[in-house]
Engineer: 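Next up is a structure, given as structure tokens.
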Amino acid sequence: MLIALSPSTSLLAATLSLGTQGEPASLDTARIGGTTWENDVLGDLFEGLVTLDPAGEYVPGAASDWSLSEEGRVYTFRLRDTADWSDGEPVVADDFVLAFQRLFEPDNGAVYANLFYAIRGAEAHTKGEADAPPLGVEAVDAKTLKITLNRPTPYFPTLLAHIAASPAPSHVIAQYGDGWTQMAHIVTNGAFTPTSWVSHDHIAAVKNPEFHAADEVALDGVDYYPVEDRSSGLQRFRAGGLDIVRDFSPDRYQWLQENLPDAAHLAPQLANYYFALNQRDGHPTADVRVREALNLAARREVIATQIMGGVVAPASGFVPDGVSHYAAQTMPGLDQPMDARLDEARSLLADAGYDPDHPLELTLRYSTTEANKRIAVALAAMWRPLGIDVQLVNAEGAVHYSELANGNFDIGRGSWVADFDDASNFLGILQSDSPKNYGGYASDEFDTLMDRAARETAPDARQALLEQAERQALGDYAVMPVYVDVSRNLVAPKLEGWEDNALNRHLSRWLSLPKEE
């Protein structure tokens, strides 16, 4: 169902100034870096078979409709007759075939490939297996696409709203290869198409007149500004330089309620904030006793209330409370009094060989924001009484996540925002072959339980397997969960069409601004 704008749409046309948390690693959906802010840009430029409405509900995108075979394994999508690229060429089924081929191409190392392992042959192709079966993505004709799964996956259509499932312009890639995303060549099928990219400054995009719902898009364009300094973002917002800022420092929420109550949006979100613990050889955190000690000594209540201003909830597990058909799990030991936890942490570190003469030295990396810095400093202070010396290293978002992916850390700040409402979306990043498994956690027991859950079609049995898998990971102290996050946005009151939602996804195609006189 599409949302109709008022007849006065033309009078509301304007360019939106959007402050993102960083800039994309690429505009090539097979080579994105896996950061949440890439959704803001690429979600506007490209449209998959399925898309999101303002409330975060899944609706038809480039596909007008689809059907599912009786056994629940074969989806047949009909592309819109009006789905075109920004150069006027039609979006065809082969564009989706190519997109998935590139997503599962081993050399691309796509961070979201495993999200789509339900597709027949996807995992084998991604891992470069010689006997991989034919990929289950086929063009029946120019406007009909068939996707065959390994097994019934009821939530599969929701995955297709992910930016990694966007089509690839086969006609442009055939001509320019990997250079297809250069500004002189790029074409897009979303509501907007880019015109320029000044690195670390802004990306400019204009309305795509070839978009199938162009008549219902109110904005003339969108300018995306990477704003990693939350204080700077607030200042620019107050000065009218930004219409939206996709985060604000939580310690400013009370001030915002008093001074900008109509602009500050705080809403429930399926998201967590955690620290990856590097379990590769040569890192002290490879020792489970060290990981347990770090977890036991972390005062999550203090972080949630004193640093985050009480706008978040402390986390004792990895999958946030509120995920559908799932019961939140608790890491062993976190239900004990803090004094007992600290005594146990000291004992664990002593058993691991650390004492005043042999202190534990760790490197903690975090991405540069005021809140991240305060949390990192607080954790270092919490661990100092245990004789732990923590070196803090910060970097802007893209560099930070690159260092995590390369394993250059002992403790690394991470977060995960749900791509869809299911526990497997959180737990999947802890599987041993996941590119987002920054800490290198590897457990045969955990992987086996996740594989069994993927094959289980009975909802209650599947839930039990996923909960058992999380208990395994928590018992291994695979990560250090800190809090369950909420979405924080600054939205100009004059902006129309914004709706808070649990996925914190907001496509600019639904928004409108009064046009400046």
Engineer: Would D220 and K207 satisfy side-chain contact (heavy atoms from CB on, under 4.5 Å), going step by step from the backbone distance to the final call?
Structural biologist: CA-CA 5 Å; D220 287 332; K207 179 178 174 178; 5.5 Å; no
Engineer: Verify whether one side chain among Q254 and E258 offers a donor that lies under 3.5 Å from an acceptor in the other.
Structural biologist: yes
Engineer: Does a donor on one side chain sit under 3.5 Å from an acceptor on the other, for H212 and E47?
Structural biologist: yes
Engineer: Could you measure the distance from the NE2 atom of H506 to the NE2 atom of H265? Nearest 0.5 Å is fine.
Structural biologist: 9.0 Å
Engineer: Looking only at atom types and distance, does a side-chain atom of E228 sit under 3.5 Å from a main-chain N or O of G22, one as donor and one as acceptor?
Structural biologist: no
Engineer: Between R509 and F211, is NZ or CZ placed under 6.0 angstrom from the six-membered ring centre and within 45° of the ring axis?
Structural biologist: no
Engineer: Is any side-chain heavy atom of L234 less than 4.5 Å from a side-chain heavy atom of L260?
Structural biologist: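 Sidechains of L260 and L234: in contact.
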Engineer: Without hydrogens or angle criteria, can the side chains of N437 and S434 be said to hold a donor-acceptor pair below 3.5 Å?
Structural biologist: no
Engineer: Do S17 and D223 pair up side chain to side chain, a donor and an acceptor below 3.5 Å, judged on atom types alone?
Structural biologist: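 The answer is no; no qualifying pair exists.
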Engineer: Any donor-acceptor pair under 3.5 Å linking the side-chain atoms of D95 with those of W85?
Structural biologist: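 There is such a pair between these side chains.
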Engineer: Under a 4.0 Å threshold between the charged nitrogen and the carboxylate oxygen, would K127 count as salt-bridged to E123?
Structural biologist: yes
Engineer: How many angstroms lie between CZ in F446 and CD in Q431, if you round to the nearest 0.5 Å?
Structural biologist: 6.0 Å
Engineer: Hey, does L42 have a side-chain heavy atom less than 4.5 Å from the side chain of L27?
Structural biologist: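 In short, these two side chains touch, coming nearer than 4.5 Å.
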Engineer: To the nearest 0.5 angstrom, please state how far the CG atom of D247 sits from the CG atom of L490.
Structural biologist: 8.5 Å
Engineer: Should W498 and I244 be marked as a side-chain contact (heavy atoms from CB on, under 4.5 Å) after you check the CA-CA gap, both sets of side-chain angles, and the distance that decides it?
Structural biologist: CA-CA 10 Å; W498 177 280; I244 297 172; 3.9 Å; yes
Engineer: What is the distance from atom CG of N372 to atom NE2 of H400, rounded to the nearest 0.5 Å?
Structural biologist: 7.5 Å
Engineer: For the CZ atom on R471, are there more than 12 heavy atoms of other groups (residues, nucleotides or ligands in this structure) within a distance under 6.0 Å?
Structural biologist: yes
Engineer: So, for R462 and E456, which heavy atoms are closest and what is the spacing to 0.1 Å?
Structural biologist: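 Shortest heavy-atom separation between R462 and E456 comes out as N-CG, 3.5 Å.
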Engineer: So with a 6.0 Å cut-off around CZ of R238, is the heavy-atom count from everything else above 12?
Structural biologist: no
Engineer: Does the side chain of V319 come within less than 4.5 Å of Q329's, by heavy atoms?
Structural biologist: no
Engineer: Please report the closest heavy-atom contact between F248 and L256, naming both atoms and the distance.
Structural biologist: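 Heavy atoms of F248 and L256 come nearest at CD1-CD1, 3.5 Å.
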Engineer: List the atom of A25, the atom of I32, and the distance in Å for their closest heavy-atom pair.
Structural biologist: CB-C, 4.3 Å
Engineer: Give a yes or no on whether D451 atom CG has more than 12 heavy-atom contacts from other residues, nucleotides or ligands under 6.0 Å away.
Structural biologist: yes
Engineer: Do V217 and F192 make a side-chain contact, defined as non-hydrogen atoms from C-beta onward lying under 4.5 Å apart?
Structural biologist: yes
Engineer: So how far is it from L277 CG to M480 CE, rounded to the nearest 0.5 Å?
Structural biologist: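 Going from the CG atom of L277 to the CE atom of M480 covers 6.5 Å.
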Engineer: Would a 4.5 Å heavy-atom cut-off, applied to side chains only, mark F409 and E403 as touching?
Structural biologist: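 No, side chains not in contact.
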Engineer: State whether a side-chain donor-acceptor pair under 3.5 Å links R246 with N489.
Structural biologist: yes
Engineer: Any side-chain heavy atom of D485 within less than 4.5 Å of one from S415?
Structural biologist: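 In short, these two side chains do not touch, never coming nearer than 4.5 Å.
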Engineer: Would you please say whether a donor-acceptor pair under 3.5 Å links the side chains of D28 and T181?
Structural biologist: no
Engineer: Looking at side-chain heavy atoms only, is the closest gap between Y112 and T29 below 4.5 Å?
Structural biologist: no
Engineer: Given the rule in the side-chain contact (heavy atoms from CB on, under 4.5 Å) test, do L145 and V137 qualify, once you have shown the distances and angles that lead to the verdict?
Structural biologist: CA-CA 7 Å; L145 181 75; V137 184; 3.9 Å; yes
Engineer: Looking only at heavy atoms, which two atoms of L79 and V92 are closest? And how far apart?
Structural biologist: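 Between these two residues, the closest heavy atoms are CD1-C, 3.5 Å.
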Engineer: Using the rule given for side-chain hydrogen bond (donor to acceptor under 3.5 Å, both in side chains), can you reason through D421 versus Y326, listing the C-alpha separation, both sets of side-chain angles and the distance that settles it, and then say yes or no?
Structural biologist: CA-CA 10 Å; D421 184 4; Y326 195 81; over 6 Å; no
Engineer: Any donor-acceptor pair under 3.5 Å linking the side-chain atoms of W510 with those of E499?
Structural biologist: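 Judged by distance alone, the side chains do not pair up.
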Engineer: Looking only at heavy atoms, which two atoms of N425 and W416 are closest? And how far apart?
Structural biologist: O-NE1, 3.1 Å
Engineer: Could you tell me whether D81 and K143 have a side-chain N and a carboxylate O separated by less than 4.0 Å?
Structural biologist: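 Between K143 and D81 there is no salt bridge, as every charged N stays at least 4.0 Å from the carboxylate O atoms.
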Engineer: Which heavy-atom pair separates D500 from A267 by the least distance, and what is that distance?
Structural biologist: CB-CB, 3.7 Å
Engineer: Any side-chain donor-acceptor pair under 3.5 Å between N504 and R488?
Structural biologist: no
Engineer: Have D40 and T20 got a donor and an acceptor in their side chains that come within less than 3.5 Å?
Structural biologist: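 Note: D40 and T20 side chains miss the donor-acceptor criterion.
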Engineer: So, the side chain of R505 versus the backbone of H162: is there a donor-acceptor pair under 3.5 Å, distance only?
Structural biologist: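 Not at all, since once roles are kept as given, no pair shorter than 3.5 Å links the two residues.
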Engineer: Within the 3.5 Å criterion, strictly below it, is a donor on D476 or Y441 matched to an acceptor on the partner's side chain?
Structural biologist: yes
Engineer: Do N208 and S86 meet the criterion of a side-chain donor-acceptor pair at a distance under 3.5 Å?
Structural biologist: no
Engineer: For Y224 and D44, test the side chains for any donor-to-acceptor distance below 3.5 angstrom and give the result as yes or no.
Structural biologist: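 Side chains of Y224 and D44: pair found under 3.5 Å.
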Engineer: Taking side chain as C-beta onward, heavy atoms only, is N272 less than 4.5 Å from P481?
Structural biologist: no
Engineer: Take E370 and D251 through the test side-chain contact (heavy atoms from CB on, under 4.5 Å) and record every step on the way to the result.
Structural biologist: CA-CA 9 Å; E370 298 93 327; D251 61 358; 5.9 Å; no
